[in-house]
Amino acid sequence: MVSTIAGLVAAGVVGASLVAFALLRPTIILVVAVLLDATGLNGVLTTNGLPSPFKPMLGLVLLALFVLWRQGKLKVGWSPVLTALLILVAAWFVTMFNSADPATSWTLFMDYANGLVYFALIYALLCSTGSWKAMLSAVVAGLAIIAALTLVHQFVLHNAGNLHGLSNVPLTLEDGALTPRHSGTAGDVNFWARTLVLVTPLALSLWAINRGLTKLFWVGCTLALLGGIFLTQSRGGFLAVMPAIALWFVMAGPKHRRMLAYAPVLLIVAIPISGVGSRLATLADVGASSNIAAADPSLVTRARLQEAAWRMFLDSPAFGHGMGTYGTLFPQYDRYSNQGDPVTIVVAAHNFYLEQAADGGLVLLAAWAIFFGSILFVSWRVSNLARSIGRRTEHLLAVGVASGLIGWLGASVFLHLSDLRVLLMLAATAAALDVRVRWAVKAAPESAFVIVPRAKHPVDVRKWAPRVLLPVAGLVAVLAAAMVVRAVPTTWNAQMDTQAAPSSATNDWLTSYQRDLLTRGWIVPSFTYVSTSPDFESVVAQRAGLTQAQADHMSVTMAVSRQGGAITITATARDKAVAENVAVTAGQVIAERVRALRTPYVMQQPRRPSAVPTHPGMMAGLGAAAFALVLATAAVVVRRRPDDSPEFDEELEDERELVDA
């Protein structure tokens, strides 16, 4: 008993000493609080039976701010990000006034309110300490270590266990995937991929900032993050990380921008070896409605969820139906009524923009656009101001923040909003950088500003740019003219729907199951897939009695109708009557092939369609002409532009920092 009490007292003394030391070094509290939350370690501790340290850490952050205030070191400024965040909160309130599910809306708002408290405390501590580099280093390194553990888990341990929650593998092989899908400390592989995409540009910034062996460490972290994204096998992650990295190299400076020349070689080697291309190729099946029966089921379900979100938005485009109400309203908008074909994944739009449009309409979309725009704006301003006073660290971190946000926005085309706090952490970093760098510029003497003349290029851009742009503009103009001329002959499109119906003419309860095509959405797509064959167009042309010349300029496409109970046939030909005949004949061929399946369904033949004239390629030709005009204008502007503006020279600034050190 005495030893137990002594142990508890000793533990209390040690804990109190550590807290006191941390309060004197508030950066420690900032780093630990954000690290535990951003990496998902709070949830891992909870999964292993330990209490979550999230609220105690926020309490320590608040206590650290109080100590800074008592010491006279609490400094907080205003940033456009804060104004944009207030606008976003106001939009949330507006959408709640007429919510279709007030209880759900209020619950979601209170969850977001916790994130706002987190943002305010982290932002205040960042402004007061300026410890953004330490905080971001901890977050990036922590996520990179967990991503490296997923690689070890896959290739060394062969996915045995889950490493106490540090490497979850919720999904086995899927279409196009080369490995089981890992989700790290998260419960969903795609959300884990989005988090890794968010911090990968920040890892590049830390690589560019540091020197020596430390630089190699951040190279390893970047590779580990990319490996973690690969193990998620997330198509959205693959598509989002590439433009995010490319944007970072473009914005980081001339020295890094030149490295983009090696990108095509790396992609040519990496994509075939990694198998990323085969995973991305599965997206094509959903685009072809006639092949929807063979598409990845998860993609088909997502398309179904997004269609419901779009219809919700069209019903209330201004203010939406209330934040968080998508899940409540989905059964009313789903064309399958969510009964005969239930949704097996999370009922969400799986598209951030569509879900926000459904929940809050144009008002909420505009508020989000202002919020994201404010982060990008202050990042751009920090980059410029930091370069003007020679602060390379802040410049590169701002570039990492902007590139990471672009990656997050790209991945969100396939995902809804899940973890707001990670996004708010990035926003707090951008806002704190903005405030502190503006303070530094205001306090800096004239001698601190870096103005370096533009480096002399071996080739005068003003001379060679017109020599390149003008010939290209001429070629594009010729192409545009050819496309317009090709589009001048009128093409006729005839469109009609052939409806699936029970073969029995009796409309009573005995045939109700057969008539219920909407809740069993696989029936008509299957008919469409079976009816399509390599010789389909030739059979239709022969049955329609077309000449060889008419058959050469004829095409037929099939798609499942919007409501899912019919096949939409579109026939294209150079003659109005031919297009109409081809559409009718195609419907007859489809009906015969469905009848040959010996199912209790028949395809009803509608009335003869009326073809409408079209000019395919005309818009593309006009767009190419406009592009040619832009190229020619750019050539003239570059030719006349003076070449005496100063530019930040990154290599010269590196030398200056070494001399100062």
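Because only heavy atoms are used, hydrogens play no part in the values below, and waters and symmetry mates are left out as well, while side chains stay in.
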field: side chain to side chain contact (heavy atoms under 4.5 Å, CB included) assessment of F313 paired with L362
entry: CA-CA 9 Å; F313 168 70; L362 294 174; 3.9 Å; yes

query: Hey, mind stepping through I406 and L376 against side chain to side chain contact (heavy atoms under 4.5 Å, CB included) and telling me if it holds?
result: CA-CA 9 Å; I406 293 299; L376 294 175; 4.2 Å; yes

message: With side chain to side chain contact (heavy atoms under 4.5 Å, CB included) as the criterion, how do V401 and L202 come out once you've worked through the C-alpha distance, each side chain's angles and the decisive distance to 0.1 Å?
response: CA-CA 7 Å; V401 168; L202 291 169; 4.1 Å; yes

task: Could you walk me through whether L88 and L364 pass the side chain to side chain contact (heavy atoms under 4.5 Å, CB included) test, one step at a time?
output: CA-CA 7 Å; L88 181 59; L364 190 54; 4.1 Å; yes

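Looking only at side-chain heavy atoms (C-beta outward), H321 and D359 stay at 4.5 Å or farther from each other. Contact of the S418 side chain with the D188 side chain is not registered, since no non-hydrogen atoms from C-beta on lie closer than 4.5 Å. Using a 4.5 Å cut-off on side-chain heavy atoms (C-beta onward), M57 and V32 make contact. Considering only heavy atoms from C-beta on, V219 comes within 4.5 Å of L223 through its side chain. For the pair S412 and R194, the minimum side-chain heavy-atom distance is below 4.5 Å. With contacts defined as side-chain heavy-atom distances shorter than 4.5 Å, the pair V44/H164 does not qualify. When side chains are defined from C-beta on, S105 does not count as touching T95, because their heavy atoms never get closer than 4.5 Å. Between L423 and F372 there is a side-chain heavy-atom pair separated by less than 4.5 Å.
Listed here is the closest heavy atom pair of G228 and L196: C-CD1, 3.6 Å. The two atoms that bring V140 and L225 nearest to each other are CG1-CD1, 4.2 Å, heavy atoms only. When all heavy atoms are compared, the tightest approach of G237 to V197 is O-CG2, 3.8 Å. Considering every non-hydrogen atom in both V139 and A38, the closest pair reads CG1-CB, 3.8 Å. When every heavy atom of A147 is checked against every heavy atom of A224, the shortest pair comes out as CB-O, 3.3 Å. When all heavy atoms are compared, the tightest approach of N168 to A186 is ND2-O, 3.5 Å.
For the pair N162 (side chain) and S167 (backbone), a donor-acceptor distance under 3.5 Å is absent. At least one donor-acceptor pair closer than 3.5 Å links the side chain of N351 to the backbone N or O of V413. Checked by atom type and distance alone, the side chain of S383 never pairs as donor or acceptor with a backbone atom of V399 at under 3.5 Å. The closest donor-acceptor contact from the side chain of T104 to the backbone of G324 lies at 3.5 Å or more, if one exists at all. Side-chain atoms of S374 come within 3.5 Å of backbone atoms of F371 as a donor-acceptor pair (strictly under, hydrogens ignored). A donor-acceptor pair under 3.5 Å links the side-chain atoms of R302 to the main chain of F414, judged by distance alone. In terms of modelled atom types and a separation under 3.5 Å, the side chain of T325 and the main chain of T328 share no donor-acceptor contact. Of the possible donor and acceptor atoms, none in the side chain of S316 sits under 3.5 Å from a partner among the backbone N and O of M312.
Every residue meeting the salt bridge (charged side-chain N to carboxylate O under 4.0 Å, His left out) condition with D37, not counting sequence neighbours, appears here in chain and number order: R421. Residues satisfying the salt bridge (charged side-chain N to carboxylate O under 4.0 Å, His left out) test with R381, not counting sequence neighbours, are D434.
Separation of atoms CG (L151) and CD1 (I146) is listed at 12.5 Å; rounding is to 0.5 Å. Atoms CG and CD1, from L62 and I29 in turn, are 10.5 Å apart once rounded to the nearest 0.5 Å. Note that CD1 of I245 and CG of L226 are 5.0 Å apart. Values are rounded to the nearest 0.5 Å. Here L305 contributes atom CG and E355 contributes atom CD; the two are 9.5 Å apart, rounded to the nearest 0.5 Å. To the nearest 0.5 angstrom, H395 atom NE2 is 9.0 Å from N384 atom CG. One finds the CG atom of L396 at 10.5 Å from the CE atom of M251 (value rounded to the nearest 0.5 Å).
Looking only at atom types and distance, the side chain of S234 has no donor-acceptor partner in the side chain of T232 under 3.5 Å away. A donor-acceptor contact under 3.5 angstrom links the side chains of T83 and W78, judged on distance only.
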Show me the donor-acceptor pairs, under 3.5 Å and distance only, between side chains in residues 106-126 and residues at least two apart or in other chains.
unit_1 : atom_1 : unit_2 : atom_2 : d
T107   : OG1    : A103   : O      : 2.9
Y123   : OH     : G77    : O      : 2.5

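Under the 30°/60° scheme for interplanar angles, the aromatic rings of H256 and W207 are found to stand perpendicular.
Screening H350, H416, R181 against N190 for a side chain to side chain donor-acceptor pair (under 3.5 Å) leaves a single residue, R181. Between F352 and the choices F191, Y326, W368, the ring pair (Phe, Tyr, Trp, His ring centres under 6.0 Å) rule is met once, by W368.
Two rings, from F230 and H182, have their centers 6.0 Å or more apart.
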